[in-house]
Amino acid sequence: MAADRTRILSGIQPTADSFHLGNYLGAVRQWVPLQDGHDTFYCVVDLHAITMGHEPDVLRARTRTAAAQLLAAGLDPARCSLFVQSHVPQHAELAWVLSCITGFGEASRMTQFKDKAAKQANPSVGLFTYPILQAADILLYQASAVPVGEDQRQHLELTRDLAQRFNARFGETFVVPEPYIVKETAKIVDLADPVAKMSKSADSQAGVVDILEDPASIRKKIKRAVTDTGTEIRFDPENKPGVSNLLTIAATLSGRSVAELEAAYDGKGYGALKTEVAEIVVEATAPLRERTQEWLDNPDRLDKVLAAGSARAREVAGRTLADVYDAVGFLLPRP
Ligand code: ATP
Ligand code: LTN
């Protein structure tokens with residue numbers, strides 16, 4: 001892979017049995033076209049997945065399921081490096097160094113930490129330092145862009161601050177990354193509560209549609225989606241968040257424009273729109289379910305893809321970490 005192509009890195013947690021439409025439209029789908037013309041690194045972030053408490057066997061299974069879904073969604077091992085975070089020890093190593101240049105107050109301001117900690121009886125220190133580990137994920141690969149959903153903007157800002165601070169204090173070492181957030185799909189909202197982001201940790205999963213969900217259940221959830229007052233089918237996220245969300249989902253998955261869908265459903269009512277959206281979602285996710293299962297039926301093949309991805313990741317990450325260790329003044333061990 002040519003060294004002059006800009007680097008892209010993103011990660012996703014193996015914390016559910018399936019990605020939901022928010023993950024898929026807000027993040028994963030953006031990852032696919034970036035494989036062309038960029039040197040792409042995509043990571044299943046299992047170290048992040050243990051910050052809230054977990055079951056070991058479930059984590060193992062979900063790590064494979066996450067990788068299988070990414071391949072099903074169009075990541076191509078010949079054009080990207082797909083790997084598991086814990087296979088690359090440099091992530092935890094760089095996170096330690098970065099944690100030593102992060103202010104306690106600075107880390108305390110992370111809103112995702114505050115939200116998640118509020119839901120736990122005894123939040124871990126790992127949950128608190130989660131954004132620093134995320135910064136390490138990104139900076140190790142000298143990524144210039146990071147495709148994510150809107151909820152990750154603050155973590156990207158911290159990553160940029162840490163890169164700039166390290167460079168200023170210890171010499172130019174890191175590329176300062178930019179967030180890559182596609183506006184239209186940056187925040188897919190919960191179908192049952194259209195002001196909240198669709199999230200796997202929502203109290204109720206009634207408004208969260210998984211890509212591996214069976215068609216009957218997808219149809220049911222979409223038909224029960226909360227719509228807005230009035231009957232007009234119009235894209236207006238502020239006043240009509242429910243309808244606008246359905247239009248966004250349908251437009252992105254079908255390749256039709258929002259304007260075209262608005263015109264097609266003009267005067268037909270919410271029921272007709274929901275039926276159409278349900279069919280679009282079922283149809284678009286069917287091949288994802290099928291291809292994910294094919295990868296899961298062949299764990300050897302899947303593990304080989306991950307082994308090749310992590311070998312390449314360790315190579316790049318190892319070079320950056322060596323520069324970091326040298327820059328901060330760690331005595332280099334004799335070979
Ligand atoms: P949780 O909400 O439980 O923290 P999550 O559902 O956000 O989890 P992650 O693994 O943390 O899942 O997110 C993976 C990617 O999906 C990130 O880039 C994130 O920004 C994006 N993403 C998550 N939810 C949405 C959403 N509702 N709309 C758009 N993008 C989203
Ligand atoms: N915190 C992210 C997941 C994540 C990530 C990353 C995203 C971990 N490391 C590096 C982009 C780049 C989330 O989606 N909740």
Side-chain angles (χ1 to χ4, degrees), residues 7-31 34 40-52 54 62-63 65-66 69-70 73 83-86 88 91-92 94-95 98 110-117 119-120 126-127 129-141 143-160 177-191 193-203 205 207-211 237 241 245 248-249 252 313 317:
R7 288 257 171 77
I8 302 282
L9 176 127
S10 198
I12 191 156
Q13 300 189 76
T15 40
D17 295 323
S18 169
F19 299 151
H20 53 70
L21 282 180
N23 302 140
Y24 180 61
L25 297 178
V28 176
R29 248 175 81 107
Q30 317 299 338
W31 299 6
L34 290 169
T40 43
F41 286 82
Y42 296 126
C43 180
V44 178
V45 293
D46 53 351
L47 301 181
H48 282 102
I50 65 168
T51 52
M52 300 260 284
H54 72 287
R62 286 176 170 176
T63 300
T65 309
Q69 288 173 95
L70 293 174
F83 65 101
V84 174
Q85 189 186 28
S86 65
V88 183
H91 291 247
L94 179 60
L98 294 177
M110 295 295 116
T111 57
Q112 184 175 291
F113 168 71
K114 289 193 264 189
D115 293 347
K116 292 198 171 178
K119 291 189 188 160
Q120 296 227 303
L127 185 64
T129 56
Y130 175 119
I132 304 173
L133 177 61
Q134 181 169 350
D137 299 342
I138 297 165
L139 300 181
L140 273 176
Y141 298 91
S144 50
V146 183
V148 283
E150 180 61 39
D151 61 325
Q152 295 303 306
R153 193 180 285 282
Q154 194 188 30
H155 289 170
L156 262 293
E157 207 43 58
L158 175 72
T159 304
R160 290 171 53 83
E178 300 278 349
Y180 177 92
I181 300 175
V182 175
K183 189 165 158 270
E184 289 73 19
T185 50
K187 185 182 173 190
I188 300 295
V189 294
D190 189 303
L191 299 186
D193 177 17
V195 286
K197 78 157 191 159
M198 190 178 282
S199 162
K200 64 183 151 247
S201 41
D203 292 337
Q205 293 295 296
V208 179
V209 174
D210 285 338
I211 64 171
N245 194 44
T248 298
I249 292 171
T252 338

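Both ligands and their constituent atoms are indexed starting at 1 by order of listing.
A heavy-atom distance below 4.5 Å is not found between the side chains of Glu178 and Ser144. Inter-residue side-chain proximity for Trp31 and Ile8 is flagged as unmet; no heavy-atom pair is nearer than 4.5 Å. Put simply, the side chain of His48 reaches to within 4.5 Å of the side chain of Asp137, judged on heavy atoms.
Applying the 4.0 Å criterion to heavy atoms of Ile138 picks out, from ligand 2, the atoms 10 (C), 12 (C). Interface atoms of ligand 1 facing Val148, defined by a heavy-atom separation under 4.0 Å, are 18 (O). Those atoms of ligand 1 that come under 4.0 Å of a heavy atom in Thr185, given as number and element, are 29 (C). The ligand atoms of ligand 2 that sit less than 4.0 angstrom from a heavy atom of Val45 are 8 (C), 9 (N). Against a heavy-atom cut-off of under 4.0 Å, Asp137 is close to the following atoms of ligand 2: 6 (C), 8 (C), 9 (N), 10 (C). Within ligand 1, the atoms closer than 4.0 Å to a non-hydrogen atom of Gly149 are 18 (O), 19 (C), 20 (O), 30 (N), numbered from 1 in the order shown. Remark: ligand 2 atoms within the under-4.0 Å shell around heavy atoms of Leu9 are 10 (C), 12 (C). In summary, the atoms of ligand 1 found under 4.0 Å from a heavy atom of Lys116, numbered by their order in the structure, are 1 (P), 4 (O). For ligand 2, the atoms sitting less than 4.0 Å from at least one non-hydrogen atom of Tyr130 are 1 (N), 2 (C), 3 (C), 13 (C), 15 (N), numbered in the order shown with element in parentheses. Against a heavy-atom cut-off of under 4.0 Å, Val146 is close to the following atoms of ligand 2: 11 (C), 12 (C). Which parts of ligand 1 touch Ile12 is read off a 4.0 Å heavy-atom cut-off, strictly below it: atoms 10 (O), 14 (C).
Around atom 3 (O) of ligand 1, the closest heavy atom drawn from Ala202, Ser201, Ala196 belongs to Ser201. Of the options Gly22, Pro147, Ala186, Gly26, the smallest heavy-atom separation from atom 31 (C) of ligand 1 is shown by Gly22. With atom 24 (N) of ligand 1 as the reference point, the heavy atom nearest to it among Lys200, Gln134, Met198, Gln13 is part of Met198.
Counting only heavy atoms of the protein, atom 7 (O) of ligand 1 lies nearest to Lys197 NZ, 2.6 Å. Of all protein heavy atoms, the one lying nearest to atom 2 (O) of ligand 1 is Ser199 OG, 2.6 Å. Scanning the protein heavy atoms around atom 6 (O) of ligand 1, the nearest turns out to be His20 NE2, 2.6 Å. Summary of contacts: the protein heavy atom closest to atom 13 (O) of ligand 1 is Asn23 ND2, 3.6 Å. Remark: minimum distance from atom 19 (C) of ligand 1 to any protein heavy atom is reached at Asp151 OD1, 3.4 Å. Of the protein's non-hydrogen atoms, Gln152 OE1, 3.3 Å is the one closest to atom 2 (C) of ligand 2. From the protein, the heavy atom lying nearest to atom 27 (N) of ligand 1 is Ile188 O, 2.8 Å.
At a heavy-atom distance under 4.0 Å, no atom of Gln112 approaches ligand 1. The residue Val189 has no part lying near ligand 1, judged by heavy-atom distances below 4.0 Å. Residue contacts with ligand 2 for Asp151 are absent, since no atom lies close enough (heavy atoms, distance under 4.0 Å). Contacts between Leu133 and ligand 2, counted as non-hydrogen atom pairs separated by less than 4.0 Å, are absent for every part of the residue. The part of Ala27 lying near ligand 1 is the side chain, judged by heavy-atom distances below 4.0 Å.
Side chain of Asp115 to backbone of Gln112: no donor-acceptor contact under 3.5 angstrom is found.
Looking only at atom types and distance, the side chain of Asp46 has no donor-acceptor partner in the side chain of Thr63 under 3.5 Å away. No hydrogens or angles considered: nothing links the side chains of Ser201 and Lys119 as a donor-acceptor pair under 3.5 Å.
Annotation: Gln152 places no N or O atom under 3.5 Å from an N or O atom of ligand 1; distance criterion only.
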Chi angles and distances behind the side-chain hydrogen bond (donor to acceptor under 3.5 Å, both in side chains) call for Ser10, Gln30: CA-CA 10 Å; Ser10 198; Gln30 317 299 338; over 6 Å; no
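Distance check, rounded to the nearest 0.5 Å: CD of Gln120 to CE of Met52 gives 4.5 Å. In this structure, Phe113 CZ and Thr51 OG1 are separated by 10.5 Å, a value rounded to the nearest 0.5 Å.
With respect to the salt-bridge test (charged N to carboxylate O, under 4.0 angstrom), the residues Lys187 and Asp151 do not qualify. Of the charged side-chain nitrogens involved, none lies within less than 4.0 Å of a carboxylate oxygen, so that Asp190 and Lys197 do not count as a salt-bridged pair.
The aromatic rings of Phe41 and Phe83 sit perpendicular, their planes meeting at an angle over 60°, well past the 30° parallel limit.
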